[in-house]
Amino acid sequence: MDPSANTPSRPVVGVSSCLIGAPVRYNGGHSRYKFLTDELDRHVDWLPVCPEAEIGLGVPRPTLRLQDRKDAEGARADRVISSKDGADHTDDLANVADRHLRELRRLDGYVLKNKSPSCGLYALPVFDDNAERVHGTGRGAFAARLTGLLPHLPVEEQGRLSDPALREHFVERVFAHARLRFLLDTEWRPRDLVEFHTRHKLQLMAHSPDGYRETGRIVARVGGSDRDEVAATYAEAFHRALAVRTSRGKHANALQHAFGMISPLLDDARRHDLLAGIEDYRVGVAPLSLPVALLRHHCSAEDVAWAGDQTYLRPYPDALRLRHPVAV
Ligand code: SF4
């Protein structure tokens, strides 16, 4: 494990099988996505799932599409229909998530293939009952069940991972999820959760100051409450907080907070450099990696354990190079 990831165990990430090169698409091809196979692959373990192959549709197979139809109870719903014979595969595809539930609960994230009536997460075209007109958008049957069963799991569509900010956010959440899972899998003591929370202070603040305060209140009662209840409540609040999109302003606040911890130890020149780096990032002329690198350097040179241990400074392996674009 890359020590810069700050994570004691490799995250486990579910993935639409075709995205990591399995030839399971309807036409016998795959949709290999290089960021997953050439970069993220070095730092995570995969749980590949192809829902359509699992329900025995075979390769190659007729295409599927989402149609607005009545379900068994007569209510209108998005159904996954075969273009060849009109067969409805919705329930079988959703049940794949139920069958894998034990493994899915062990995951730290999931990457789904976009534009798939089984795996797609956002804005899939939904045809009318005659399959003639698109009259809305929906979600793939497997993706809908997955996100319903595990609402706090970091889940992203492969197409959106081309956006540097969305990619960075997803990867950050996956590694944070793995750190918390690893802690809660152990015989943790109250002080371990306090220490975990302290190390994540800046990272939580950079996403949700309210979430930071909420998780802090949960940790404050860890000594006198039921351990499992605290773990479940903390995990939910922690994941909810990190799911909030960060911003340049929230990052700048977190960086200023770190600056406040270390500035008494710096001379004027280094203080000025660090403040200038934070400001350059805040106004959009420098990447986040610049002030973060300065902070890391000063924390290590001055041996400032509190700030140096912050996961915010090392949220995932450096090799992923996710904080370098100026736009993030
Ligand atoms: S998008 Fe999903 S169902 Fe389609 S080939 Fe890929 S893994 Fe299988």
Side-chain angles (χ1 to χ4, degrees), residues 11-41 44-67 69 77-127 131 134 136-151 153-163 166-167 170 174:
V12 185
V13 179
V15 63
S16 298
S17 307
C18 56
L19 291 178
I20 55 170
V24 289
R25 292 195 66 203
Y26 71 96
N27 58 3
H30 59 74
S31 303
R32 182 170 167 264
Y33 185 50
K34 280 187 163 192
F35 170 66
L36 302 182
T37 57
D38 298 6
E39 296 187 59
L40 201 54
D41 179 69
V44 307
D45 294 322
W46 300 112
L47 173 70
V49 179
C50 175
E52 292 177 21
E54 283 212 18
I55 67 170
L57 292 182
V59 179
R61 57 182 172 271
T63 55
L64 304 176
R65 65 180 161 240
L66 283 181
Q67 276 180 232
R69 275 198 175 175
D78 297 347
R79 310 295 294 176
V80 183
I81 306 297
S82 167
S83 60
K84 183 179 173 211
D85 56 11
D88 185 335
H89 296 293
T90 317
D91 296 337
D92 289 344
L93 289 165
N95 287 343
V96 172
D98 294 282
R99 274 209 305 281
H100 281 283
L101 189 53
R102 240 179 106 199
E103 298 157 278
L104 297 177
R105 285 194 202 282
R106 306 288 308 152
L107 293 180
D108 299 305
Y110 210 111
V111 184
L112 290 159
K113 168 80 178 73
N114 59 346
K115 298 182 181 168
S116 155
S118 305
C119 294
L121 198 55
Y122 298 112
L124 266 95
V126 179
F127 290 83
V134 173
T137 56
R139 183 165 275 194
F142 173 78
R145 182 65 66 92
L146 169 73
T147 50
L149 290 169
L150 302 168
L153 182 70
V155 178
E156 195 47 278
E157 260 192 359
Q158 152 257 333
R160 284 163 45 100
L161 290 177
S162 305
D163 178 307
L166 294 178
R167 179 182 291 191
F170 175 69
V174 165

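When a ligand or atom number is given, it counts from 1 through the structure's own listing order. A quick note: this is a predicted structure, and the numbers were derived from the prediction, not measured.
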Engineer: Run the salt-bridge test on Arg145 and Asp98 with the 4.0 Å N-O cut-off and return the result as yes or no.
Structural biologist: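 A salt bridge links Arg145 with Asp98.
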Engineer: Checking only N/O/S atoms, does Cys119 have one that is under 2.8 Å from atom 2 (Fe) of ligand 1?
Structural biologist: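 Yes, Cys119 qualifies, because one of its backbone or side-chain N, O or S atoms lies under 2.8 Å.
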Engineer: Is the shortest side-chain heavy-atom distance between Tyr122 and Asn114 below 4.5 Å?
Structural biologist: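 Sidechains of Asn114 and Tyr122: no contact.
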Engineer: Does the distance from a Lys or Arg side-chain N to an Asp or Glu carboxylate O, for Lys34 and Asp41, drop under 4.0 Å?
Structural biologist: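 No.
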Engineer: By number and element, which atoms of ligand 1 are closer than 4.0 Å to a non-hydrogen atom of Val49?
Structural biologist: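 Numbered from 1, ligand 1 contributes 7 (S).
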Engineer: Provide the number and element of each atom of ligand 1 under 4.0 Å from a heavy atom of Glu52.
Structural biologist: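 Answer for ligand 1: 3 (S).
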Engineer: Any idea which part of Lys115 is under 4.0 Å from ligand 1, heavy-atom wise: side chain, backbone, both or neither?
Structural biologist: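 Under 4.0 Å from ligand 1, Lys115 contributes no heavy atoms.
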Engineer: Which atoms of ligand 1 are found less than 4.0 Å from any heavy atom of Val24?
Structural biologist: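 What qualifies from ligand 1 is 5 (S).
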Engineer: Would you check whether Gln158 reaches within less than 4.0 Å of ligand 1, judged by its heavy atoms?
Structural biologist: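 Flag not set, Gln158 not near ligand 1.
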Engineer: Contact between Ser17 and ligand 1, counting heavy atoms under 4.0 Å?
Structural biologist: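 True for this residue.
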Engineer: At less than 2.8 Å, would any N/O/S atom of Cys50, backbone or side chain, sit next to atom 6 (Fe) of ligand 1?
Structural biologist: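 It does not; every qualifying atom lies at 2.8 Å or beyond.
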Engineer: Output the list of atoms in ligand 1 that are nearer than 4.0 Å to some heavy atom of Lys113, sorted by atom number.
Structural biologist: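 Every atom of ligand 1 under 4.0 Å from some heavy atom of Lys113: 1 (S).
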Engineer: What atoms in ligand 1 come closer than 4.0 Å to a heavy atom of Arg61?
Structural biologist: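 Listed by number with element: 5 (S).
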Engineer: Name the closest protein heavy atom to atom 6 (Fe) of ligand 1, giving the residue it belongs to and the distance to 0.1 Å.
Structural biologist: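 Closest protein heavy atom to atom 6 (Fe) of ligand 1: Cys18 SG, 2.3 Å.
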Engineer: Does the pair Leu121 and Arg139 meet the rule for a side chain to side chain contact (heavy atoms under 4.5 Å, CB included), with working shown?
Structural biologist: CA-CA 5 Å; Leu121 198 55; Arg139 183 165 275 194; 3.6 Å; yes
Engineer: Do Leu36 and Val13 come close enough that some side-chain heavy atom pair is under 4.5 Å?
Structural biologist: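 No, too far: nothing below the 4.5 Å cut-off.
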Engineer: Check this for me, if you would: do Arg99 and Asp92 make a salt bridge, where the nitrogen-to-carboxylate-oxygen distance has to be below 4.0 angstrom?
Structural biologist: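 Salt bridge: no.
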Engineer: Using a 4.0 Å cut-off to any heavy atom of Ser16, which atoms of ligand 1 qualify?
Structural biologist: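 Heavy-atom distances to Ser16 below 4.0 Å select 7 (S).
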Engineer: Can you name the closest pair of heavy atoms from Leu161 and Arg167 and give their distance?
Structural biologist: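 Scanning both residues completely, I find the closest heavy atoms to be O-NE, 2.8 Å.
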Engineer: Is there a side-chain contact between Glu103 and Leu107, using heavy atoms and a 4.5 Å cut-off?
Structural biologist: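 With C-beta onward as the side chain, the pair stays apart.
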Engineer: What part of Leu19 sits under 4.0 Å from ligand 1 if we count only heavy atoms: the side chain, the backbone, both or neither?
Structural biologist: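 Under 4.0 Å from ligand 1, Leu19 contributes no heavy atoms.
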Engineer: Any side-chain heavy-atom pair from Phe127 and Arg69 closer than 4.5 angstrom?
Structural biologist: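 SC-SC contact between Phe127 and Arg69 ruled out.
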